[in-house]
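Indexing begins at 1, ligand by ligand and atom by atom, following the structure's order.
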Amino acid sequence: MAVTSSSVMLLRNFSTAVRIAQSVRSNSRIFSTGELIRSISSTRAAHNEEAAAKAASDTGAPTIFDKIIAKEIPSDIVYEDENVLAFKDINPQAPVHVLVIPKLRDGLTTLGKAEPRHVEVLGQLLHASKIVAEKEGIVDGFRVVINNGAEGCQSVYHLHLHVLGGRQMKWPPG
Ligand code: 5GP
């Protein structure tokens, strides 16, 4: 009798193990090779961005964006007016990835440095982000991001808004 009930237990455990193995095998089919490569490269990009943010600091020195504003180095401009410049990110994290910056930094190395005198330009940057989204055909679904400081993953100390879209965004962000 004891032998019979332990045999039943063994059989039950075996069939449970088979079910788990089948489920793991079928779930693993949802990851195609392309998805795995994309996932590995996005993890690598996140680490590069983190490393760049840790290496940078808010010294108030001119940044690469000053050269882009002065058109000393080329950029792919999406929108420009008197106060704002919007250009494609050199290392896009989405099919659409545009940076929107104030032409005059005026102390805005980070959003954390914003003062009442900046309210107007902050509004202009948000409005320009919406114009960029329209121009890029993503106005019905997009994300605007401002990284602030090293822990916020900021690597360039000239305030900028990232306008991202063209793919399904995830939440929470990394
Ligand atoms: P942050 O990490 O500070 O929020 O974002 C800085 C962004 O500037 C990054 O996404 C980075 O790819 C972008 N970037 C850095 N240097 C250049 C450049 O020379 N040209 C362009 N178009 N983007 C740049």
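- Residue Glu72 qualifies as enclosed at atom CD: its count of foreign heavy atoms under 6.0 Å is above 12.
- More than 12 heavy atoms of other residues, nucleotides or ligands lie within 6.0 Å of NZ in Lys103, so this atom counts as buried by the packing criterion.
- For His158 and His160, the distance between ring centers is not under 6.0 angstrom.
- Heavy-atom contacts from other residues, nucleotides or ligands closer than 6.0 Å to CD of Glu82 number 12 or fewer.
- For ligand 1, the 4.0 Å heavy-atom shell contains residues Glu49, Ile64, Phe65, Ile68, Phe87, Lys88, Asp89, Ile90, Asn91, Leu99, Asn147, Cys153, Gln154, Ser155, Val156, His160, His162.
- For Lys71 and Glu80, the salt-bridge test passes: some basic side-chain N is under 4.0 Å from an acidic carboxylate O.
- Applying the ring pair (Phe, Tyr, Trp, His ring centres under 6.0 Å) rule to Phe87 yields the partners Phe65; only residues at least two apart in sequence or on another chain are considered.
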